[in-house]
Peer 1: 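Sharing a structure with you now.
To find a chain, count down the sequence lines: A is the first, B the second, and so on, and within it residues start at 1.
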There are 2 protein chains.
Amino acid sequence: MAKENKSIYAILGCLGKREWMTGYDIKQIMQKMSAMYWAENNAQIYPLLKKLLIEKMVELKEDSQGPRKKLLYKITPKGMNHLMKWLVKPPQELAKHKDEYLLKFSLGQFLDQNELQNHIENLLVKVKVKKNILIDGEQRIRKEHEGRKDCLYISSIYEYGILLSEAKVKWCESILKKIKNGDFQTNENLK
Amino acid sequence: MAKENKSIYAILGCLGKREWMTGYDIKQIMQKMSAMYWAENNAQIYPLLKKLLIEKMVELKEDSQGPRKKLLYKITPKGMNHLMKWLVKPPQELAKHKDEYLLKFSLGQFLDQNELQNHIENLLVKVKVKKNILIDGEQRIRKEHEGRKDCLYISSIYEYGILLSEAKVKWCESILKKIKNGDFQTNENLK
DNA sequence: CATCCCATGTAATCTGTTACATGATTGA
DNA sequence: TCAATCATGTAACAGATTACATGGGATG
């Protein structure tokens, strides 16, 4: 059985929340979500919008009023129905990912101790930066989305990212302690 | 600039740790790693091994001794050098992922309260199961890999997975509390 | 005698990324 | 007037997934 393309649900979901959005609007939203749980780029969004239009999941309105031409999309009842059917089904899998940091770390025996330490310090910095971005983002969402139906959902997703970042910080710090303690077998000769 | 295919480093990394492995052996290892940070399936491994062979990053030995023919690969100095060059470079990005649970959760306003609750309970169960698998896995690694250079690396990666699982459990539980408290705006009419 | 594991692979399809092309408006 | 942002898109390529094909050996 062909796997369903979940990207279309991400797009339909955006359109379910707000009517008459452009492909560009959707891309902007996706970009914000991408930090947390979903990424989509415009080489996917525009063709998928066309596909959804052909399947009558969305409808199109051209806006020539404003200064420039915009293509505005709205979800149809058929599209909403399609979204809902998928939404109520239990998700199939936990998120899988390819993590370059962990791949390199798993091969740490081939690195010098200071190279290994650099990688983890580098990761720690990035995770801390991301955590702060998420903390700010959550504050912003609480204000901007106040009163909106999805406010608590979105801020909860930020909360999720923050909790995970904290766990990662904890891990990095414990690893750094072990590295400095010389616990890891590294490669100080070859190369 | 074309993005480098990191899958080849995952394969070279496996071969860097142990000589004369078959494609099947590599696949088995990848399968274990996939729970944590890297997934690769055999439709990628076999063609990549051939590519690596052509590029003289690995060498091949055919084993006809045993009951069935095996193709055994070993990393070459050139391959090792290629691996090392990549390994010392700072990783470029934090892991991105598409998380179906979070996507559905972000659209929770379209679900009934009990459907929303089901999704999170479902996630909580899976995360707890995964956490226990990782705890067992870490124990096993500590024994099986004892004395091996990568023992602490691999067990640390399990530790990473465990810490993240714990953070997820914490999140699910706090969300469930809020759902039961009726904090989330859900859709009890439509559909 | 069936099923699972070992072992190697391919074809077709789907998904994702990069780079590019185009051009208007806004703000410093 | 220059850069950033708004806005829509495509081509080419890279990567991943599914399903299939093949067949020996071991276990029950």
Peer 1: Using ring-ring contact (aromatic ring centres under 6.0 Å, His included), reason through B:F184 and B:F105 one step at a time and then give a plain yes or no.
Peer 2: CA-CA 11 Å; B:F184 287 98; B:F105 178 78; 5.7 Å; yes

Peer 1: How many whole angstroms separate atom NZ of B:K70 from atom P of C:dC5?
Peer 2: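 So the two atoms are 17 Å apart, to the nearest Å.
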
Peer 1: For the atom pair NZ (A:K98) and OG (B:S34), what is the distance rounded to the nearest 0.5 Å?
Peer 2: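 The NZ atom of A:K98 sits 10.5 Å away from the OG atom of B:S34.
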
Peer 1: Report the distance from atom NZ of B:K98 to atom C1' of C:dG16, rounded to the nearest whole Å.
Peer 2: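 Rounding to the nearest Å, NZ of B:K98 and C1' of C:dG16 are 7 Å apart.
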
Peer 1: Expressed in angstrom and rounded to an integer, what is the separation of A:Q44 atom CD from C:dT15 atom P?
Peer 2: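 Checked: the CD to P distance equals 9 Å.
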
Peer 1: Hey, which of A:H82, A:K51, A:M80 is the one that makes side chain to side chain contact (heavy atoms under 4.5 Å, CB included) with A:M57?
Peer 2: A:H82

Peer 1: Rounded to the Å, how far apart are B:I45 CD1 and C:dC6 P?
Peer 2: 14 Å

Peer 1: Hey, any chance B:L71 and B:Y46 share a hydrophobic cluster, counting ILVMFWY side chains that come within less than 4.5 Å of each other, even indirectly?
Peer 2: no

Peer 1: Indicate if A:V129 and A:I120 have the same hydrophobic cluster label, given that clusters are the connected sets of ILVMFWY residues with side-chain heavy-atom separations under 4.5 angstrom.
Peer 2: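 Different clusters.
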
Peer 1: Whether the A:Q117 and A:E121 side chains hold a donor-acceptor pair (N or O, under 3.5 Å, no angle test) is what I'd like checked.
Peer 2: yes

Peer 1: Could you state the atom-to-atom distance from OH of B:Y46 to P of C:dC6 in whole Å?
Peer 2: 11 Å

Peer 1: Between B:S7 and D:dG15, is there a contact of a side-chain N or O with OP1 or OP2 at under 4.0 Å?
Peer 2: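 Answer no for this pair, as no side-chain N or O of B:S7 is under 4.0 Å from OP1 or OP2.
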
Peer 1: What integer distance in Å separates B:L48:CG from C:dT10:C1'?
Peer 2: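 So the two atoms are 14 Å apart, to the nearest Å.
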
Peer 1: At less than 4.0 Å, is any side-chain N or O atom of B:N5 found next to OP1 or OP2 of D:dA14? Yes or no.
Peer 2: no

Peer 1: Which sits closer to the 5' end of DNA chain D, A:P47 or B:N42, going by the nucleotide each is nearest to?
Peer 2: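 Here A:P47 is the residue nearer the 5' end.
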
Peer 1: Taking CG from B:N41 and P from D:dC20, how many angstroms apart are they, rounded to a whole number?
Peer 2: 15 Å

Peer 1: Scan residues 11-31 of chain B against DNA chain D and write down, sorted by residue number, each residue with any heavy atom closer than 4.0 Å; if none is found, say none.
Peer 2: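 Nucleic-acid contacts, sorted: none.
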
Peer 1: Please name the residue in the list B:I133, B:V127, B:I135 that meets the side chain to side chain contact (heavy atoms under 4.5 Å, CB included) test with B:S165.
Peer 2: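 Of the listed residues B:I133, B:V127, B:I135, the side chain to side chain contact (heavy atoms under 4.5 Å, CB included) partner of B:S165 is B:V127.
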
Peer 1: Between C:dT10 atom C1' and B:K50 atom NZ, what is the distance in whole Å?
Peer 2: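 Whole-Å distance recorded here is 9 Å.
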
